[in-house]
Amino acid sequence: MRPLLSAALFYVQVASRDLLAAHVLLEHLREEQPKSDNIPGRTREHLDAFIAERRALGRGMPALPIEYRGVCSADVVEEVVQAPSLSMTAMLMRAHRVDHLRREIEAAGRELGWEEGGLAVPMSEWPDSGLPWRSELSAASLGGEMVHLRTACWIVIAYLSGMRDTEVRELGRECAFTEPGADGRTRCKIKGRVFKGRKLTGDEAEWVVLDVVHQAVEVLKQINDDPTHLFGTWIGEKAGYGLFSDVTLRLKSFQQHLNDLFSIQGEPYIPLPLVDEYADDEAADDPELGQEAADETGNDAGTGPVQPWWFDTRQFRRTLAWPIAHQPFGVVAGTRRYKHNAFAIFEGYAGASASGFADEVASEKAVALLDYVEDLYHDHDEGGRSVGGAAGRVAADFDRIRAELGDLPGTVASPERLRTALRHLTRTLHPGILNDCFHHAGTAVRGKRAKPLGRPLPMLSACLACPNARRSSIHLPRMARARDLAAEEFARTDDVPTFQRIAIEEHLSTLTQLSAELRDEEGVSA
């Protein structure tokens, strides 16, 4: 997945500029090409001048595209057909047609040689090699690259949004928009429709995406002229516009094309391992996932003949689910992003079966938790403020580790030793939105108040005042947001019973007080 996504991003962010420039040049050449040859002998004069120009530049004659090699019996030398592209030659000469001068063109080709392309647009560098990412384009190869560019845009949108194939292909031209988030930062969003498990017309939905998804949308708006859909293509006068189809075949073609372009010394750019033809994720058979998960993960499982492995449209959602799921609150975030009806369905994406994938996710969660603790340590080491019942003992732990490692200004502690020293804190840490919990059963408020259920449960007001709670700078904007939302929700309390009104006011006051403590505002003790 990694090399495929890297190449798709390259197509969207870099190669698209080359392809659009070549498209503009091709349209210009077609506009300048005369509709007929009115003056006898003029075409031969243009051909002589064109051959002289190519000779002076040290260039060969435009060759027949490799895609059309079947129409002639010419040899192919180093992937270049040893025959003329009459249509490209005519456009470059500004002539209507040159069929009657084929013999002269072939003679020039034998003298000067043959070369691909004809659209003289410089190609950008491929980062891995520092060389142009492909040879010069012809009209035929440009058409093929435009198809691959659409596929690359589909990959970027599908992978980085978590949208289903049909949801991506149904996107309208004005689907991309931005709006400010709760923290003041601008959010890039996509609006579309969710169809699975909904009515036939689907339900409106929004996805928060990265800026590169918006870039892919802009590219599609330039290469597709469908007035309604991003992935609309012109089929013909009778059928009109139709949606981008056969995405799995397009993914396979794109994968093969990338290997043709970027493979080095026989090593394919995108490996093609052999897999069991019928094997699939065992999570599909888990009854807890429900029918929707089974539909999306596939129902076939078993052993069968070994076949080459190819990409399909479901793998992008499944792969993105992994890093989302192993983050704190990832299951909730993933369920919302994937527009699932139940948490169990998204958990199936992250490996709810005994296939071993769940173990890998658990391992990734442990790494993410240690990363989080390391961030807390660095924030403390750089003078960041923390408050809460557990702030003192965690700060003492951080100070002890800093002293043991000699992690002082002007020195750099070993990252491996630091992570080893911090690992014990991950055993009790439960990251939270309004505070982190460094759980200790003997002092936990929630454990004392949840005896009727037989197990401890998080309780909002209790957690805010719990001796195990610790708040740092990461919680400040969230706390301010929670306070604003609560104040907005309970703006009118005239009809609320007295004790409920007092509880609401105390909750708002608590959030205000805790935010002030974290800001170390005057008159507030930490």
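Using a 4.0 Å cut-off between charged side-chain N and carboxylate O, Asp165 and Arg169 make a salt bridge. A salt bridge is defined here as a Lys NZ or Arg NE, NH1 or NH2 lying under 4.0 Å from an Asp or Glu carboxylate O, and Glu111 with Arg55 meets this definition. Salt bridge Lys191/Glu174: absent, no basic N to carboxylate O contact under 4.0 Å.
Under the 6.0 Å cut-off for aromatic ring centres, Trp154 and Tyr159 do not qualify, their centroids lying 6.0 Å or more apart. Between Trp133 and Tyr11, a ring centre-to-centre spacing shorter than 6.0 Å is recorded.
Note: His257 and His148 have parallel aromatic rings, judged against thresholds of 30 and 60 degrees for the angle between ring planes.
For the pair Asp381 (side chain) and Tyr377 (backbone), a donor-acceptor distance under 3.5 Å is absent. For Asp18 (side chain) and Met123 (main-chain N/O), no donor-acceptor pair under 3.5 Å exists by modelled atom type. Checked by atom type and distance alone, the side chain of Asp75 never pairs as donor or acceptor with a backbone atom of Gln82 at under 3.5 Å. A donor-acceptor pair under 3.5 Å is absent between the side-chain atoms of Arg250 and the main chain of Val147, judged by distance alone. Looking only at distances, a side-chain donor or acceptor of Ser263 sits under 3.5 Å from a matching main-chain atom of Asn259. In this structure a side-chain-to-backbone donor-acceptor pair under 3.5 Å is present from Arg17 to Gln13.
The CG atom of Leu131 sits 7.5 Å away from atom CD of Glu125, with the distance rounded to the nearest 0.5 Å. In this structure, CG in Leu5 is found 5.5 Å from CG in Leu160, a value given to the nearest 0.5 Å. Rounding to the nearest 0.5 angstrom, the gap separating the CG atom in Leu230 from the SG atom in Cys153 is 9.0 Å. Taking OG of Ser141 as the reference point, atom CE of Met146 lies at 11.0 Å (rounded to 0.5 Å). Separation of atoms CG (Leu19) and CD (Glu145) is listed at 5.5 Å; rounding is to 0.5 Å. Ile157 CD1 to Glu167 CD: the interatomic distance, rounded to the nearest 0.5 Å, is 12.5 Å.
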* Run the side-chain contact (heavy atoms from CB on, under 4.5 Å) check on Glu116 and Leu137 step by step: do they pass? -> CA-CA 7 Å; Glu116 290 183 297; Leu137 292 159; over 6 Å; no
* To do: Assess whether salt bridge (charged side-chain N to carboxylate O under 4.0 Å, His left out) is satisfied between Glu170 and Arg164, documenting all intermediate values.
  => CA-CA 10 Å; Glu170 287 283 352; Arg164 299 176 179 89; over 6 Å; no
* Derivation of the side chain to side chain donor-acceptor pair (under 3.5 Å) call for Glu32 and His28 -> CA-CA 6 Å; Glu32 290 195 341; His28 177 69; 3.0 Å; yes
* CA sep, side-chain torsions, deciding dist, call: Asp128, Tyr269, side chain to side chain donor-acceptor pair (under 3.5 Å) -> CA-CA 11 Å; Asp128 290 355; Tyr269 173 71; 5.1 Å; no
* Could you walk me through whether Glu106 and Arg103 pass salt bridge (charged side-chain N to carboxylate O under 4.0 Å, His left out), step by step? => CA-CA 5 Å; Glu106 289 177 342; Arg103 204 179 323 179; over 6 Å; no
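Within 6.0 Å of CD on Glu79 lie no more than 12 heavy atoms contributed by other residues, nucleotides or ligands. By the neighbour-count criterion of 12 heavy atoms within 6.0 Å, atom CD of Glu179 is densely surrounded, having more than that number from other residues, nucleotides or ligands.
Phe311 meets the ring-ring contact (aromatic ring centres under 6.0 Å, His included) test with Trp309; sequence neighbours excluded.
When only modelled atom types and interatomic distance are considered, Arg150 and Asn224 share a side-chain donor-acceptor pair under 3.5 Å.
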